[in-house]
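Report on one structure; see the data block that follows.
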Protein chains: 2
Amino acid sequence: MTQKKSSFQDIRDTVMARIQSRHWPPGSLLPTEVELAEEFGCARATVNRALRELADQGVVDRKRKSGTRVNAAPVKQAVFEIAVVRQSVEEMNAAYRYSLVKRTVITAPAWLRARIGVKDEAQVLHLNCMHYADNRPFQFEERWINIAAVPDVIDVDLSETGPNEWLLSQVPFSNAELTSTAIAAGETLSEFLDVPQGAPLFQMERTTWFQGTPVTFVRMTFHQGYQMRTRY
Amino acid sequence: MTQKKSSFQDIRDTVMARIQSRHWPPGSLLPTEVELAEEFGCARATVNRALRELADQGVVDRKRKSGTRVNAAPVKQAVFEIAVVRQSVEEMNAAYRYSLVKRTVITAPAWLRARIGVKDEAQVLHLNCMHYADNRPFQFEERWINIAAVPDVIDVDLSETGPNEWLLSQVPFSNAELTSTAIAAGETLSEFLDVPQGAPLFQMERTTWFQGTPVTFVRMTFHQGYQMRTRY
DNA sequence: AAAGCTATTATGTCTAGACATAAGGATAAT
DNA sequence: ATTATCCTTATGTCTAGACATAATAGCTTT
């Protein structure tokens, strides 16, 4: 059953189709790379690449000596893009406006030290910002920046562009931890976002590290009715 | 400057380190695969794999003839696992309990037809379920299943295991669209989740397709204070 | 029955070389 | 000046063969 014209993509797709059609049901063992290479009339390396991509996707599990098995309980994972506020506003075809509400330098309070792991006397820049879409409140941003990690932040003018965009240009490759939750609007949020007190709001918190040192912690609260979208 | 002992992972990490250290700043052009292969004393295919992984991560952009460039505005993307409720409860070391609240077969209402794209007379199975962690409300689930897509669902006993687990075993490889938002508890939710009316709740909606045909739409509302976590 | 050793096996990685392909650049024709 | 054509170049993919490595299965010893 040797076929012709088999790129690694063809093989990947063919194997995927056979899995979806239950020709190889969940939990079952696939033929070996050598056998598949024979069937598809190609080198083993080509089959290897095809199966490796399926393994990366979580569709199959591969183990030396055991072989390749259809994942019975594939870990579904969704990717969502960490959008810069400006971008997501502009993608809605709305006019973006940014405003710096407050800017102070403080010693990191205990809860912040515990959360991001900085030293006792660490100085942080505390910012409050508002983001608008067509002049309607879009997001209230409260942010703390570890000055030791990005000393330049002290001298940057943040009245025109948001701190997120500046930080991205400074620390483009970072890790982060992210939590989303629903909260009730308190006094401050109800004023800035123009909603009744107690209104349900979508809130995201993010802590960012660069090469192991904490850079920033940000709490973003969105306007009422905001939806975060993603697909997989 | 030829080195020794260079696996594709070493190369990937070394290149990444040079990018992070701004040896190759954002927007700049990397050496060609041939040049890097020479430097690292390995075959071009090895360099290719290393750079391909960085391209998959979004760290660099690659174009034929143009070469490999450090991505100036890397698209940050976070991956979160679509957890099965049972799993996330058990990971908290809490006892999981499930209960089927309501089960009816209906003709798809207009809003559902519009949302998932089924025919006018489509029959759907409408379910209400509750998930508990240590006997405290964890999630209220309201689900609609397109019977035409999974006819067997009619005869399945859903009083013991949740519909999600059964569907996963039937349709393990599907696409989905997912939205998260914050809502205020209405009468039903306040009763089932044991919160005051108006309490802010985290809600997720998911539409699932299998090979182009809509399978299910589910609205999951979590207990007050629930946080969705993810890292990247 | 339990523990330790060994051979086997399927995947993981690498190499050197080849051809394919997209895209930029230069040149020639309009 | 504009358009068409060809050449060059860097990445994209593939091959055949090699060695590395993890994990299983079978065998031996205790």
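Protein chains get the first letters and strands the later ones, always in sequence-line order, with residue 1 at the start of each.
No option in V70(A), T68(A), L29(A), V60(A) other than V70(A) meets the side chain to side chain contact (heavy atoms under 4.5 Å, CB included) test with W24(A).
Of all nucleotides listed (dT13(D), dA23(C), dA16(D)), dA23(C) comes nearest to the side chain of K65(B). For A43(A), the listed nucleotide lying nearest its side chain is dA16(D); candidates were dA18(C), dA16(D), dA16(C). Checking dA10(C), dA16(C), dA16(D) against every side-chain atom of A45(A), the shortest atom distance belongs to dA16(D).
In this structure, CZ on F138(B) lies 13.5 Å from OH on Y132(B), to the nearest 0.5 angstrom.
T68(B) has a side-chain polar atom (N or O) that falls below the 4.0 Å cut-off from OP1 or OP2 of dT11(D). Taking 4.0 angstrom as the limit, S66(B) places none of its side-chain polar atoms (N or O) nearer than this to OP1 or OP2 of dA22(C).
Residue pairs meeting the salt bridge (Lys or Arg N to Asp or Glu O under 4.0 Å) criterion with at least one member in residues 147-168 of chain B, sequence neighbours excluded, are R86(B)-E165(B).
The aromatic rings of W144(B) and W111(B) sit perpendicular, their planes meeting at an angle over 60°, well past the 30° parallel limit.
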E33(B) and R62(B): CA distance, side-chain angles, deciding distance, salt bridge (charged side-chain N to carboxylate O under 4.0 Å, His left out) verdict: CA-CA 11 Å; E33(B) 292 187 346; R62(B) 318 196 70 199; 2.7 Å; yes
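As a whole-Å value, the separation of R62(A) CZ from dT9(C) C1' is 14 Å. In this structure, I11(A) places its CD1 atom 8 Å from P of dT15(D), rounding to the nearest Å. Rounded to a whole Å, the CZ atom of R69(A) is 14 Å from the P atom of dA23(D). In this structure, L29(A) atom CG and dT9(C) atom C1' are separated by 12 Å, rounded to whole Å. The NZ atom of K63(A) sits 14 Å away from the C1' atom of dA25(D) (whole-angstrom rounding). If you measure from atom CG of N48(B) to atom P of dT9(D), you get 20 Å, rounded to the nearest angstrom. Summarising the geometry, the separation between CD on E38(B) and P on dA16(C) is reported as 12 Å, rounded to the nearest angstrom. As a whole-Å value, the separation of F8(A) CZ from dT11(D) C1' is 13 Å.
One N or O donor and one acceptor, one from the side chain of R64(B) and one from the base of dT21(C), sit under 3.5 Å apart. The base of dT13(D) does not come close enough to the side chain of R52(B) for any donor and acceptor atom to sit less than 3.5 Å apart.
If E33(B) and C42(A) are placed on DNA chain D by their nearest nucleotide, the residue sitting closer to the 5' end is E33(B).
Residue Q9(B) is in sugar-phosphate contact alone, with no base atom involved, counting any heavy-atom pair closer than 4.0 Å across all strands shown. When heavy atoms are screened at a 4.0 angstrom cut-off, R49(A) is found touching the sugar-phosphate backbone but no base atom.
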